[in-house]
Amino acid sequence: MKIASWNINGVKARLETALTWLAQAEPDIVCLQEIKSIDEGFPSERFEELGYSVALNGQKGFNGVAILSKHTIDETRKGLPGDPSDEQARYLEAVISIESGALRVASIYLPNGNPTDSDKFPYKLAWMERLKDHVQSLLELEEPLVLAGDYNVIPQPEDVYSPDAWEGDALYRPESHAKFRALLNLGLTDSLRACTNAPNLYTFWDYQAGAWQKNNGIRIDHLLLSPQAADLLRSCEIDKFARSWEKPSDHVPIWIDLAA
DNA sequence: ATGCCTTGTCGCACAAGA
């Protein structure tokens, strides 16, 4: 069971690139972020032609998350509980039928939070608190759970080309680290770190300043697992090659293989 | 130094991203 996460930075601009990667990588389930489209504008047919069912939580112009699955999607949840006034489309959860039972998957686009002196930073921290509360309730189900997405958090110094350059940034602030650790401390496993402690493994390279050419990357896309999912983890890989393609997203796909 | 790209929006520049 191959499960991927990919911030595609616009589904319309990235459609052919995404289809090419899907045909080649053949993931069972894909969590997409930043589709930048309303549900009605999402080219679902193109993905259905490849055998995927599509679940969406779209938004006009910004944000927007999706889940593609070759297995049946039984139910979905759009948005995190805890703030009815939050209209940003950043969370989608699906229960997917697999041979061994049910697998719960979430596609997460955690707020960036910059600039940190604006209301965007407290929004990020509050969103992380809501995510933690919701995940805590999901863990009580004691089922395989995969929380996949763009977390906009650089977990550790070894996850960034130059920690000094990110000092003070919302992706690297102590408050962001504390919230991310609190989430992990519920009992989640960071898939990549369960498979390797190698430094300088990145999932994002800025379009600007030759970041890709200089390998000035950061690791901010993560697949976090419940204990029942972590027990099934076989491998975790980053498809770095996708960043060198024409018209690339600034993020690349990261995926896990589960023994399920 | 928030820019040096890239995307989407009814755009003829701008916000947002990270």
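Scope of the values below: all heavy atoms of this structure, side chains included, with no hydrogens, waters or symmetry mates. In the text below, chain A, chain B and the rest are named by the order of the sequence lines, each starting its count at 1.
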Can you tell me the distance, in whole Å, between the [atom1] atom of [X] and the [atom2] atom of [N]?
X	N	atom1	atom2	result
A/F42	B/dG8	CZ	P	13 Å
A/D164	B/dA1	CG	P	15 Å
A/Q88	B/dG17	CD	P	8 Å
A/K247	B/dT7	NZ	P	4 Å
A/N7	B/dC5	CG	P	20 Å
A/Y202	B/dA18	OH	P	18 Å
A/W166	B/dT2	CH2	P	15 Å
A/N114	B/dA16	CG	C1'	11 Å

Could you tell me whether [X] contacts a base, only the sugar-phosphate backbone, or nothing, with contacts defined as non-hydrogen atoms closer than 4.0 Å?
X	result
A/R173	nothing
A/Y172	nothing
A/A209	base
A/D150	sugar-phosphate

[N] to [M] separation - [atom1] atoms, rounded to the nearest Å:
N	M	atom1	result
B/dA1	B/dA13	P	29 Å
B/dA15	B/dG3	C1'	15 Å
B/dC10	B/dA16	P	14 Å
B/dC12	B/dG17	C1'	23 Å
B/dT2	B/dG8	P	26 Å
B/dC4	B/dT9	C1'	23 Å

Around atom [atom1] of [X], are there more than 12 heavy atoms of other residues, nucleotides or ligands at under 6.0 Å?
X	atom1	value
A/N197	CG	no
A/K12	NZ	yes
A/E45	CD	yes

Which of these nucleotides, [options], is closest to any side-chain atom of [X]?
X	options	value
A/R14	B/dT6, B/dC10, B/dA18	B/dT6
A/I220	B/dT9, B/dC4, B/dA18	B/dA18
A/K120	B/dT9, B/dA16, B/dG8	B/dA16
A/K12	B/dG8, B/dA18, B/dA16	B/dG8
A/D169	B/dA18, B/dC10, B/dT2	B/dT2

**OP:** Would you mind telling me which residue lines up with the more 5' stretch of DNA chain B, A/P111 or A/Q208, judged by nearest nucleotide?
**Re:**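 On the 5' side of the pair lies A/Q208.
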Subject >> Steps toward side-chain contact (heavy atoms from CB on, under 4.5 Å) verdict (A/Q228, A/L141) >> reply: CA-CA 10 Å; A/Q228 293 76 14; A/L141 300 171; over 6 Å; no
[X] side-chain N/O to [N] phosphate OP1/OP2 under 4.0 Å:
X	N	result
A/H251	B/dG17	no
A/K124	B/dA18	no
A/Y109	B/dA18	yes
A/R243	B/dC5	no

Original post:
Within a strict 4.5 Å, meaning less than it, do heavy atoms of the A/C236 and A/I254 side chains meet?
Top reply: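 Side chain of A/C236 against side chain of A/I254, heavy atoms only: contact under 4.5 Å found.
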**OP:** Say whether A/S107 and A/Q33, considering side chains only, have a donor N or O and an acceptor N or O under 3.5 Å apart.
**Re:** yes
Original post:
Can you tell me if A/N9 and A/K36 form a side-chain donor-acceptor pair at under 3.5 Å?
Top reply: yes
